[in-house]
**Q** 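Please read through the structure below; I'll follow up with questions.
Naming: A, B, ... by sequence-line order, numbering from 1 per chain.
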Amino acid sequence: MIQSLMKEQPVNVPAEPLLQVRDLSLLYGPEKGCQGVSFDLYPGEVLGIVGESGSGKSTLLSLLSGRLPPQAGNIGYRGKDGEWLDLYSASEAERRTLLRTEWGFVEQNPRDGLRMGVSAGANIGERLMAQGVRNYQQLRGAGLDWLGQVEIDPQRIDDLPRTFSGGMQQRLQIARNLVSSPRLVFMDEPTGGLDVSVQARLLDLLRGLVRELDLAVVIVTHDLAVARLLADRLMVMRRSRVVESGLTDQILDDPQHPYSQLLVSSVLQP
Amino acid sequence: MNDLTQVPVRDPAYNFAYLDEQTKRMIRRALLKAVAIPGYQVPFGGREMPLPYGWGTGGMQLTAAILGADDVLKVIDQGADDTTNAVSIRRFFARTAGVATTESTLDATVIQTRHRVPETPLQVDQIMVYQVPIPEPLRFIEPSETETRTMHALNDYGVMHVKLYEDIATFGHIATSYAYPVMVDERYVMDPSPIPKFDNPKLDMSPALMLFGAGREKRLYAVPPYTQVSSLDFEDHPFEVQKWEHSCAICGSRESFLDELILDDAGTQSFVCSDTWYCAQRVKESNQ
Amino acid sequence: MYVAVKGGEQAIDNAHRLLAKKRRGDTAIPELSVEQIRQQLPLAVARVMSEGSLYDTELAALAIKQAAGDLVEAIFLLRAYRTTLPRFSPSVPIDTAQMSLSRRLSATFKDVPGGQLLGPTFDYTHRLLDFALLAEGEYPGPHTTPDASLEACPRVLGLLAKEGLIKNESDDSASVADITRDPLEYPASRAERLQALARGDEGFLLALGYSTQRGYGRNHPFAGEIRIGDVEVWIDPEELGFPVCLGSIEVTECEMVNQFVGSATELAQFTRGYGLAFGHAERKAMGMALVDRSLRANEFNEEIVSPAQQEEFVLSHCDNVEAAGFVSHLKLPHYVDFQSELELIRKLRQPAEGTRHE
């Protein structure tokens with residue numbers, strides 16, 4: 001088992017993983033999709049999935065987050081109560097509930113992860129309302145609190161997301177997901193389409209939140225700089241297969257597989 | 001029965017209440033399912049009726065399915081027995097079923113209504129049939145039927161309160177005044193049809209059976225007698241009904257839902273009871 | 001003081017009498033007969049039958065007369081009548097390959113076995129108002145060759161199927177739901193979709209089909225074959241044990257050949273859109289075929305980008321009896337809901353309450 005050692009402070013390694021993936025496969029065509037993926041994810045661990053477009057990383061993310069049933073393999077999730085759930089043996093209802101409570105999903109395009117027609121406060125409050133919170137002041141308080149945590153001016157609580165910049169929309173999306181205190185968050189290229197300076201600020205925020213909230217994260221990115229900053233471990237994908245996996249720094253500083261080497265060497269050094 | 005009750009002659013060219021027996025049986029089976037699952041929308045094989053969709057065909061099919069020869073039928077629209085469509089529907093059943101019809105809320109066994117609940121409290125063994133245009137309370141935010149069905153199945157109602165939250169943030173109040181969504185039996189969110197929110201409390205723990213029919217959308221649902229029906233709100237912004245400063249210009253009631261009338265070019269207003277029978281009764285009682 | 005006025009019943013009666021007067025028009029002019037409509041407005045009769053879902057030229061003509069020429073109203077009349085009719089038996093599927101053709105064409109080949117049969121069509125007319133028609137002139141009939149032989153006209157798409165270029169549509173004998181008896185639920189089967197489209201509003205389907213041609217979900221249609229003519233209707237009652245012919249009806253059938261699909265494992269094949277209508281109704285059949293193909297997007301793994309591909313959107317809105325009913329219901333009194341809105345808007349506009357609520 002690969003231990004999580006790359007955080008600045010040493011952490012106690014919990015005995016059991018949060019997510020257990022075995023032989024996961026979904027292929028659309030020869031080498032299109034993903035196949036034979038296996039790994040464990042521990043609480044508080046950030047796993048990066050890197051590769052070029054077409055490598056299968058988005059397919060993998062959809063499978064892991066319960067959006068797409070696999071052709072083979074299985075995914076086990078250990079819930080808050082300690083019980084194991086086989087993700088695709090469970091009902092659609094259970095998967096959707098999971099995605100609203102213990103899990104989060106940050107979409108690449110914030111428009112896909114937000115309700116563009118309702119205010120920032122409503123966007124943040126929705127998960128709480130879905131869980132039965134029925135006090136307007138309490139909801140508003142949570143909205144103000146989380147806007148602060150994601151560094152959006154609380155005065156904007158009643159504004160519609162379409163009046164926000166791309167970076168702000170992304171931060172709002174993060175707040176919307178984190179308000180229900182999830183244990184596992186999936187992220188699909190969260191910094192894609194953002195300015196470099198905006199990206200840096202967002203990554204900084206994410207790194208802080210992940211550590212503070214002890215979140216487990218599976219993040220898909222084609223950007224190795226993002227991977228280096230956020231991920232404890234990496235899986236490198238190429239043409240539907242995981243060609244190399246290991247600690248982030250090890251892979252980025254000393255890649256073993258020829259493809260990983262190519263990937264790392266092609267990143268422009270500042 | 002009072003002098004407002006008439007017993008017409010049935011037209012033999014049609015089956016009793018127009019629909020064939022098989023169709024009526026199909027509707028009754030769907031109604032039983034609806035009663036067993038309060039507030040849940042049951043699909044049914046709605047038929048084309050001689051009135052257009054949107055004009056009460058859903059309510060009419062339900063009424064046709066439950067009417068018996070001994071029933072006494074009242075039909076109201078906007079609270080009045082005399083509005084043109086109420087007249088049209090009442091005539092339809094007078095002709096095709098030959099049942100007694102009445103304007104009296106007390107004497108009716110079946111009351112078909114569009115957009116109002118009578119002011120006079122309903123009794124055990126009365127059945128209200130509501131005409132429903134859009135049965136789906138989530139339709140305003142989710143146009144897809146597949147998705148809204150899933151949301152009901154999964155109790156995924158967060159989005160209803162999102163709308164209420166947004167109203168309060170924008171206006172300071174919840175901005176829904178009719179077709180105000182309710183939670184039925186603590187399980188399903190239901191659209192009570194476009195009755196004013198003023199009428200919502202009348203649904204809660206009512207002794208009458210409430211049936212809801214949407215002909216064009218082909219869905220029916222029900223609230224059995226003595227079922228909990230609560231209007232959605234927040235603890236710190238509780239549900240409120242409308243109040244008027246005026247009383248009814250005809251009978252003086254301060255408790256009923258009032259219609260506003262414009263009397264002249266200057267815009268002079270007058271307010272009268274929407275429930276015409278209730279109003280006439282009050283006048284009658286005060287004259288005695 | 002306001003006095004409530006009663007008189008709804010009398011008002012309705014008078015409205016009916018005024019309608020009858022308007023429908024009759026100037027009594028000095030001869031009254032239009034149902035038979036005249038049936039004979040001389042056959043294309044209107046065809047539309048009313050298709051969308052009314054009932055084949056009866058006389059009843060359709062009656063409905064047109066009663067509706068004073070409003071075809072959507074006539075369609076409604078026929079549908080309401082249909083509700084009262086007893087149902088004996090489903091027919092055997094009609095065999096359009098056996099059609100007694102009055103018109104047949106294909107845009108996909110210059111010539112096909114059986115040839116291009118123009119038939120009675122507006123296609124090559126010049127759209128110039130014909131004032132001779134105003135004067136009710138006589139018309140010369142068509143040139144006929146009494147002993148011309150009928151060539152066999154095999155289906156064009158059948159020829160493509162023989163070469164494996166298009167999938168054969170085959171009858172799997174599964175039972176078919178009847179959307180007029182059971183509520184349509186999503187996702188719908190192709191059979192249910194075709195039923196809904198067959199009775200769907202011609203204008204709506206035409207517009208949606210047009211939108212696909214303009215890029216809203218393009219699928220490169222070609223008119224593979226259009227045929228118009230009479231087909232026999234057979235039923236096969238259990239009690240008899242053999243099929244019986246009830247007579248024949250005129251139908252219009254259109255098969256579109258669309259964008260081919262294929263993959264690494266499956267050879268490329270053309271895809272098909274199908275349209276069928278009662279009577280002579282080409283535009284309807286063609287529009288229907290375009291929309292049918294569009295709605296097969298999921299089957300062919302096509303990305304859904306346009307309204308014509310969205311099953312719920314198309315099927316929920318294609319029925320003009322439903323649409324007309326709901327749109328026109330806005331004429332019904334809504335003063336109670338409106339009263340509620342008035343009360344609310346007045347409350348919201350009171351400055352003392354403030355705008356942003358903290």
**Q** Does B:Gln78 reach the main-chain N or O of C:Val336 with its side chain, forming a donor-acceptor pair under 3.5 Å?
**A** yes
**Q** In terms of heavy-atom pairs under 4.5 Å, which option from B:Lys197, B:Glu217, B:Arg91, B:Arg90 contacts chain C the most?
**A** B:Arg91
**Q** What option among B:Ala80, B:Ala86, B:Gly54 has the most heavy-atom pairs under 4.5 Å with chain C?
**A**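 Winner by heavy-atom pair count: B:Gly54.
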**Q** Which region of C:Arg87, side chain (C-beta onward) or backbone (N, CA, C, O), has a non-hydrogen atom less than 4.5 Å from a non-hydrogen atom of chain B, or is it both or neither?
**A**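 Neither part.
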**Q** Pick one of side chain, backbone, both or neither for B:Ile134, based on which atoms fall under 4.5 Å of a heavy atom in chain C.
**A** side chain
**Q** Among C:Gln339, C:Glu341, C:Glu343, which residue satisfies the side chain to side chain donor-acceptor pair (under 3.5 Å) criterion with B:Ser177?
**A**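 When side chain to side chain donor-acceptor pair (under 3.5 Å) is applied between B:Ser177 and each of C:Gln339, C:Glu341, C:Glu343, only C:Glu341 qualifies.
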**Q** Under a 4.5 Å cut-off applied to non-hydrogen side-chain atoms, are C:Tyr335 and B:His115 in contact?
**A** no
**Q** Report which part of B:Ile195 has an atom under 4.5 Å of a heavy atom belonging to chain C: side chain, backbone, both, or neither.
**A**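 Neither; nothing under 4.5 Å.
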**Q** Which distance, rounded to the nearest 0.5 Å, do you find between the OG1 of C:Thr84 and the CD of B:Glu48?
**A**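 If we round to the nearest 0.5 Å, C:Thr84:OG1 and B:Glu48:CD are 11.5 Å apart.
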**Q** For the residue pair B:Arg216 and C:Asp319, establish whether any side-chain heavy-atom pair is separated by less than 4.5 Å.
**A** no
**Q** When rounded to the nearest 0.5 angstrom, what distance separates CD in C:Glu311 from OG1 in B:Thr146?
**A**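 It comes to 7.5 Å.
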**Q** Against chain B, label C:Leu332 side chain, backbone, both or neither, depending on which of its atoms sit under 4.5 Å from a heavy atom there.
**A**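 Both parts, backbone and side chain.
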**Q** Check the surroundings of atom CD in C:Glu58: do more than 12 heavy atoms from other residues, nucleotides or ligands lie under 6.0 Å from it?
**A**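 No, the 6.0 Å shell around CD holds no more than 12 heavy atoms from other groups.
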**Q** Which bit of C:Leu342 comes within less than 4.5 Å of chain B, counting heavy atoms only: side chain, backbone, both or neither?
**A**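 For C:Leu342, the contact with chain B is made by the side chain alone.
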**Q** Taking C:Asp337 first and then B:Arg114, would you say they form a salt bridge - that is, a charged N and a carboxylate O separated by under 4.0 Å?
**A** no
**Q** Does any heavy atom of chain B fall under 4.5 Å from the side chain of C:Ser316, the backbone, both, or neither of them?
**A** neither
**Q** Measuring heavy-atom distances to chain C, does B:Phe257 have an atom under 4.5 Å in its side chain, in its backbone, in both, or in neither?
**A**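 It is the side chain, since no backbone atom gets that close.
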**Q** Is it true that B:Arg149 and C:Glu185 make a salt bridge, defined as a side-chain N closer than 4.0 Å to a carboxylate O?
**A**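 Yes.
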**Q** Looking at C:Tyr186, I'd like to know if its OH atom is crowded, meaning that more than 12 non-hydrogen atoms belonging to other residues, nucleotides or ligands lie closer than 6.0 Å.
**A** yes
**Q** Taking side chain as C-beta onward, heavy atoms only, is B:His173 less than 4.5 Å from C:Leu348?
**A** yes
**Q** Does C:Glu322 pair with B:Lys218 as a salt bridge, N-O distance under 4.0 Å?
**A**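 A salt bridge is present here (some side-chain N lies under 4.0 Å from a carboxylate O).
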**Q** Does B:Gln242 reach the side chain of C:Ser340, with side-chain heavy atoms less than 4.5 Å apart?
**A** yes
**Q** Count the heavy atoms of every other residue, nucleotide or ligand shown that sit under 6.0 Å from CD1 of C:Ile345, and state whether that count exceeds 12.
**A** no
**Q** Between B:Thr84 and chain C, with a heavy-atom cut-off of 4.5 Å, which part of the residue counts as in contact: side chain, backbone, both or neither?
**A**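 Both parts, heavy atoms under 4.5 Å.
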**Q** What do you reckon, is CZ of B:Phe16 surrounded by more than 12 foreign heavy atoms closer than 6.0 Å?
**A** yes
**Q** Would you indicate whether the side-chain heavy atoms of B:Glu147 and C:Glu312 approach each other to under 4.5 Å?
**A** no
**Q** So which part of B:Ala280 gets closer than 4.5 Å to some heavy atom of chain C, the side chain, the backbone, both or neither?
**A** neither
**Q** Output the option from B:Pro50, B:Ser274, B:Ser144 having the highest count of non-hydrogen pairs under 4.5 Å with chain C.
**A** B:Ser144
**Q** Between the side chains of B:Glu240 and C:Lys347, is the shortest nitrogen-to-carboxylate-oxygen separation below 4.0 Å, so that they form an ion pair?
**A**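 A salt bridge links C:Lys347 with B:Glu240.
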**Q** Among C:Ser328, C:Ala323, C:Ala11, C:Ala324, which residue has the highest count of heavy-atom pairs closer than 4.5 Å to chain B?
**A** C:Ser328
**Q** Tell me whether the count of non-hydrogen atoms from other residues, nucleotides or ligands lying under 6.0 Å of CD in C:Glu303 goes above 12.
**A**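 Counting neighbours around CD of C:Glu303, 12 or fewer heavy atoms of other residues, nucleotides or ligands fall under 6.0 Å, so no.
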**Q** Nearest 0.5 angstrom please: C:Ile12 CD1 to B:Asn85 CG, how far?
**A**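 Taking CD1 in C:Ile12 and CG in B:Asn85, the distance rounds to 8.0 Å.
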**Q** From B:Phe171 CZ over to C:Leu344 CG, what is the distance, rounded to the nearest 0.5 angstrom?
**A** 8.0 Å
**Q** If I measure from the heavy atoms of chain B, does C:Phe76 come under 4.5 Å with its side chain, its backbone, both, or neither?
**A** side chain
**Q** Taking every non-hydrogen pair under 4.5 Å, which of C:Gly325, C:Pro187, C:Ala15, C:Pro183 racks up the most with chain B?
**A**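 That would be C:Pro183.
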**Q** Which region of B:Thr83, side chain (C-beta onward) or backbone (N, CA, C, O), has a non-hydrogen atom less than 4.5 Å from a non-hydrogen atom of chain C, or is it both or neither?
**A**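 Answer is side chain: those atoms of B:Thr83 sit under 4.5 Å from chain C.
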**Q** Are C:Phe313 and B:Pro143 packed together at the side-chain level, in the sense that at least one heavy-atom pair is separated by less than 4.5 angstrom?
**A**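 Not touching, per the 4.5 Å side-chain cut-off.
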**Q** Under 4.5 Å heavy-atom distance to chain C, tell me which part of B:Thr176 shows up: side chain, backbone, both or neither.
**A** backbone
**Q** I'd like to know whether OH of B:Tyr14 has more than 12 heavy-atom contacts from other residues, nucleotides or ligands below 6.0 angstrom.
**A**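 For B:Tyr14, atom OH is not crowded (no more than 12 foreign heavy atoms under 6.0 Å).
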**Q** Using a cut-off of 6.0 Å, state whether more than 12 heavy atoms not belonging to C:Phe338 lie near its atom CZ.
**A**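 Counting other residues, nucleotides and ligands, CZ of C:Phe338 stays at 12 neighbours or fewer.
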**Q** Using atom types as modelled and distance alone, determine if a side-chain donor or acceptor of C:Arg181 lies under 3.5 Å from a backbone N or O of B:Arg47.
**A** no
